[in-house]
**Student:** 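For reference, the structure I am asking about is given below.
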Amino acid sequence: MNTAEATRIEALELGPMENFVYLIQDPTSARAAVVDPAWEVQRILDLAEERGMRITDILLTHSHHDHINGIETVLAHHDAQLHLLKAEATFWGQHLDLPTLHHGGDVIHLGESAIEILHTPGHTPGSACYRVQNELITGDTMFVFGCGRCDLQGGDPEVMYDTLRKLSALPAQTIIHPGHNYAEKSVSTLEEQCTGNPFMQFSDPADFVEYRMHTHDLTRHTPYRAVPREA
Ligand SMILES: [Fe+2]
């Protein structure tokens with residue numbers, strides 16, 4: 001008989017850029033993983049303590065400052081292992097203290113919980129999404145009714161187009177947890193994104209690139225809402 005309790009994901013919205021920091025909790029082992037520790041780290045530590053969890057792992061969706069500026073503070077309090085994709089570590093070029101470098105498809109075991117890493121480049125070369133059961137932590141790859149910028153160093157809109165197409169093949173009821181609170185709601189389903197996220201509505205990569213790199217920023221503002229598909 002499987003007595004393992006279900007994995008739990010809780011979000012904290014922290015910092016001036018409305019970042020979501022996630023605490024993935026494995027109740028059976030009382031282990032927790034922090035995704036993108038940044039900003040008011042004490043609130044992350046307090047949440048883990050309230051839940052009776054020990055932070056054993058730090059997962060990075062990518063290396064931008066607003067997603068990583070709390071790593072050292074977490075490490076000062078918890079003996080945690082840092083995980084990111086090898087492609088992101090290469091892009092980042094920072095000295096990291098013995099991280100575990102992954103490839104897409106790898107699975108991190110957090111006690112009884114399996115966390116699959118998806119390589120989802122486009123915002124940065126080594127951007128990752130983390131999949132736990134039917135939940136997907138998307139970082140800056142996919143927002144609720146939006147997607148990450150591709151005009152920063154290492155960004156590539158054509159690569160992002162392919163990434164979003166791959167994500168659209170995941171089960172429709174997959175729950176999306178984005179890296180920023182840019183929409184009217186903080187959580188969505190992939191089905192809802194495939195319908196109402198304008199970045200998911202292109203069938204021609206060139207049109208996507210034009211929209212991502214030019215049109216979007218001139219025509220849309222946060223909070224993002226669903227955009228009906230044109231017939
Ligand atoms: Fe970013």
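Read the numbers this way: they start at 1 and go in the same order the structure lists the ligands and their atoms. Along the sequence shown, the residues carry numbers beginning at 1.
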**Student:** Under the rule for side-chain contact (heavy atoms from CB on, under 4.5 Å), what residues qualify as partners of S168, not counting sequence neighbours?
**Tutor:** C194, M200
**Student:** Under the salt bridge (charged side-chain N to carboxylate O under 4.0 Å, His left out) definition, can you give me all pairs with a residue in residues 211-228, not counting sequence neighbours?
**Tutor:** E184-R225, R212-D217
**Student:** Is there a side-chain contact (heavy atoms from CB on, under 4.5 Å) between Q193 and F199? Walk through the geometry before answering.
**Tutor:** CA-CA 9 Å; Q193 293 310 300; F199 292 102; over 6 Å; no
**Student:** Look at the rings of H67 and H180 and say which category their plane angle falls in: under 30° parallel, 30 to 60° tilted, over 60° perpendicular.
**Tutor:** perpendicular
**Student:** List-wise, which protein N, O or S atoms are found short of 2.8 Å from the Fe ion (ligand 1)?
**Tutor:** H62 NE2, H64 ND1, H123 NE2, D140 OD2
**Student:** I need the full list of salt bridge (charged side-chain N to carboxylate O under 4.0 Å, His left out) pairs touching residues 142-158, with sequence neighbours left out, sorted by first then second residue.
**Tutor:** R149-D151
**Student:** Quick check against the 3.5 Å criterion: does Y130 have a side-chain atom that pairs as donor or acceptor with the backbone of E135?
**Tutor:** no
